[in-house]
Participant: 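Can you read through this structure? Questions will come right after.
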Amino acid sequence: MERIAIGGSGVETSRIGLGTWAIGGWMWGGTDEAQSIATIRAAVERGITLIDTAPVYGFGRSERIVGKALAEGGLRDKVQIATKVGLSWRAGEPYRDGRPFRVRQEVEASLRRLGVDVIDLYQVHWPDLQTPIAHTAEALEELRREGKIRAVGLSNHSTAQMNAFRLAARFDAVQPPYNLFEREAEADVLPYAEAGGLTVLCYGALCRGLLAGRITAQTAFTGDDLRRRDPKFRQPRFNQYLAAAQALKTLARERYDKSLPALAVRWILDQGPTIALWGARRPDQLDPVDEVAGWRLDAAGKAEIEAILKRCISDPVSPKFMAPPIRRPSDHGVRHHA
Ligand code: NAP
C-alpha cells in the first residue's frame, strides 16, 4: 500500500481510504452493521489505514459503527480517522452550519461516537455561506491547539473560499469529488492543492459504483438510494456512462490485466498528491484493492482513456445534485443533536 503525508500536519496515511458513507445507510438504501464492521476490518487487513466518515452519514450511525469496529478490533493505533464538521440536520434533512459554537459541539459528539480522544483529519464538509469563513477557521485552529484534531481539511470549497480560510488558519488537505467521470477539480482544486502543498482526498473514487464494473441498465436501486435521483443514472445519460465503463473495463483487462475499479483508482493516484476514497460496505468490494499498487498508467493508456470518455459520454453531468442546502431561519433556534 502506498502512503502519503497529509499536508504539513505530520499525519501520514494510506493512499486508498475507506469511504464509510454507505456504511451509515442513509441515502444508500440502508446498511448492515455486522457487514460494515467486517468491511472496516478487511480494509485494515489490506493495508488501508485511512477511514473517512462524517456525522451526517446515517446521522451518527457511520461514526458509531467505525468506533465500534475500532474498539472491537483494537485498531485505533493502526488507523487515521478522518471525519467532518459543518453539516447539521433536522428531521433527517441536513443543512450547512459552520458556526463556531456548533464546531465545538460537533467535535465532542464525533469524539464520543468514534470512541477516540483525537481526530486525525477534521474536514469542513461544505462551506457555510452564512458564517464568515474566518470564524469557522479560527474555531478549527483552536481545536488543533487543544489537541482534539491533528490536521484540517476543506471539502467542496472553491479556491476563493480556501483563500479566505487560509487568511485565518492553516489547513492541510482538500476533499473534492474526483474520479474518471467527474473531472471538474482539474480546473482549480487540484492545481491549487499542488501549489500549496495540500493533500487531495478524492471522493466518489468509483463514481457511486459506476466505475466498479457491475452496474447494468437493469440494476435496481431501492429505498432512499441516492442513485435513484443521480442524473448520471437517468436515461439516456445512464447508457452513456455504462458504455464508457464497459469500454474502460475492456481496456483495463486487455492492456493492464486489471479490473475496472483497480484502473479507476490507479488513475486517481497517478494524478498528483492524491488519496482515493473507496466507498465499500461489504468486505468483498475491497478485493480489487490489492491490484492497485505496483504499476502506473502509461501515456498511451491515458490517451486511450480520454478517447473512450470523449466517444461514449456526449452529455456529461457534474455531481452538484449532492450539495446540501443552506441554513433556514427556522433552523437557528433548533436544539442540536449531540
Ligand atoms: P464510491 O466510492 O464512488 O462508490 C462506492 C460504491 O461502489 C459502493 O457502495 C458499492 O455500491 C460500489 N462498489 C465499491 N466497490 C465495489 C466493487 N468492488 N464491486 C462492485 N461494486 C463496488 O462512492 P462514495 O461512497 O460516494 O464515495 C467514497 C467516499 O467518499 C464516501 O464513502 C465518503 O467517505 C466520501 N464522500 C465525501 C463526500 C463529501 O462531500 N466530502 C461526498 C461523497 C463521498 P453498492 O454497495 O451499492 O454495491
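As the structure is a prediction and not an experimental result, all values here were calculated from the model. As the structure lists them, so they are numbered: ligands from 1, and atoms in each ligand from 1. Computed from heavy atoms alone, side chains included, the values below leave out hydrogens, waters and symmetry copies. In this chain, numbering begins with 1 at the start of the sequence shown.
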Participant: Report the part of T20 in contact with ligand 1, treating N, CA, C, O as backbone and CB onward as side chain, heavy atoms under 4.0 Å; options are side chain, backbone, both, neither.
Facilitator: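 For T20, the contact with ligand 1 is made by the backbone alone.
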Participant: How does A205 reach ligand 1, by side chain, by backbone, by both or by neither, if only non-hydrogen atoms under 4.0 Å count?
Facilitator: backbone
Participant: Identify the protein heavy atom lying closest to atom 7 (O) of ligand 1, giving its residue, its atom name and the separation to 0.1 Å.
Facilitator: G209 CA, 3.2 Å
Participant: Just to confirm my output: which protein heavy-atom neighbour is closest to atom 34 (O) of ligand 1, and how far is it?
Facilitator: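 It is D52 OD2, 2.6 Å.
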Participant: Do me a favour and list the nearest non-hydrogen protein atom to atom 29 (C) of ligand 1 with residue, atom name and distance?
Facilitator: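 The closest one turns out to be G19 CA, 3.7 Å.
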Participant: Give me the ring orientation class for F165 and F171: parallel if the planes are under 30° apart, tilted from 30 to 60°, perpendicular past 60°.
Facilitator: perpendicular
Participant: Measure the shortest side-chain to side-chain distance between R208 and W28 over non-hydrogen atoms and say whether it is less than 4.5 angstrom.
Facilitator: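 Yes - at least one pair of side-chain heavy atoms lies under 4.5 Å apart.
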Participant: Starting from atom 28 (C) of ligand 1, find the nearest protein heavy-atom neighbour and note its residue, name and distance.
Facilitator: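 Its nearest protein heavy-atom neighbour is L277 O, 3.4 Å.
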Participant: Tell me: protein heavy atom nearest atom 18 (N) of ligand 1, and distance?
Facilitator: Q285 O, 2.9 Å
Participant: List every atom of ligand 1 that sits less than 4.0 Å from any heavy atom of C207, numbering the atoms from 1 in the order shown and giving each element.
Facilitator: 3 (O)
Participant: For atom 30 (O) of ligand 1, what is the nearest protein heavy atom, given as residue, atom name and distance?
Facilitator: Y203 CB, 3.3 Å
Participant: Testing the 3.5 Å rule here: is there a donor-acceptor pair between the side chains of Y122 and K148?
Facilitator: no
Participant: Would you mind telling me if ligand 1 is within reach of the side chain of Q123, the backbone, both or neither, using heavy atoms under 4.0 Å?
Facilitator: neither
Participant: Side chains of T31 and R61: do they bring a donor and an acceptor to under 3.5 Å?
Facilitator: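 Note: T31 and R61 side chains miss the donor-acceptor criterion.
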Participant: Identify the protein heavy atom lying closest to atom 20 (C) of ligand 1, giving its residue, its atom name and the separation to 0.1 Å.
Facilitator: A212 CB, 3.5 Å
Participant: Can you tell me which residue and heavy atom of the protein come closest to atom 6 (C) of ligand 1, and the distance to 0.1 Å?
Facilitator: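 Answer for atom 6 (C) of ligand 1: G279 O, 3.8 Å.
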Participant: State whether D230 and K232 are salt-bridged, where the test is any N-O pair (Lys NZ or Arg NE/NH1/NH2 against Asp/Glu carboxylate O) under 4.0 Å.
Facilitator: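 Salt bridge absent between D230 and K232.
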Participant: Of all the atoms in ligand 1, which lie at a distance below 4.0 Å from a heavy atom belonging to H125?
Facilitator: 39 (C), 40 (O), 41 (N)
Participant: When you compare ligand 1 with M322, is there at least one nitrogen or oxygen pair between them that comes in under 3.5 angstrom?
Facilitator: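 Between M322 and ligand 1 (N or O atoms, distance only) the closest approach is not under 3.5 Å.
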Participant: I'd like the name of whichever of W28, F221, W278 reaches closest to atom 24 (P) of ligand 1 through any heavy atom.
Facilitator: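 The nearest heavy atom belongs to W28.
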Participant: For atom 11 (O) of ligand 1, state which one of M27, R227, R208 supplies the nearest heavy atom.
Facilitator: R227
Participant: Mind checking side-chain hydrogen bond (donor to acceptor under 3.5 Å, both in side chains) for S314 and listing every partner two or more places apart, or none if nothing turns up?
Facilitator: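 Per chain and number, S314 pairs via side-chain hydrogen bond (donor to acceptor under 3.5 Å, both in side chains) with Q240.
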Participant: Name the residue from D52, T199, N156 that meets the side-chain hydrogen bond (donor to acceptor under 3.5 Å, both in side chains) definition with Q175.
Facilitator: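 Only one of D52, T199, N156 forms a side-chain hydrogen bond (donor to acceptor under 3.5 Å, both in side chains) with Q175, namely D52.
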Participant: Heavy-atom distances under 4.0 Å are what count here, so tell me which part of P177 touches ligand 1: side chain, backbone, both or neither.
Facilitator: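 No part of P177 comes within reach of ligand 1.
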Participant: For the residue pair T131 and R96, confirm or rule out a side-chain donor-acceptor distance under 3.5 Å.
Facilitator: no
Participant: If the cut-off is 4.0 Å to any non-hydrogen atom of W126, which atoms of ligand 1 fall inside it?
Facilitator: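 Taking each heavy atom of W126 in turn, ligand 1 has 40 (O) under 4.0 Å.
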Participant: Is the backbone N or O of L286 less than 3.5 Å from a side-chain atom of R46, with the two atoms forming a donor-acceptor pair by type?
Facilitator: yes
Participant: Could you verify whether a donor N or O on one side chain and an acceptor N or O on the other, from T53 and E63, lie under 3.5 Å apart?
Facilitator: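 Short answer, no.
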Participant: Just which atoms of ligand 1 are under 4.0 Å from any heavy atom in Q175?
Facilitator: 35 (C), 36 (N), 37 (C), 38 (C), 39 (C), 41 (N)
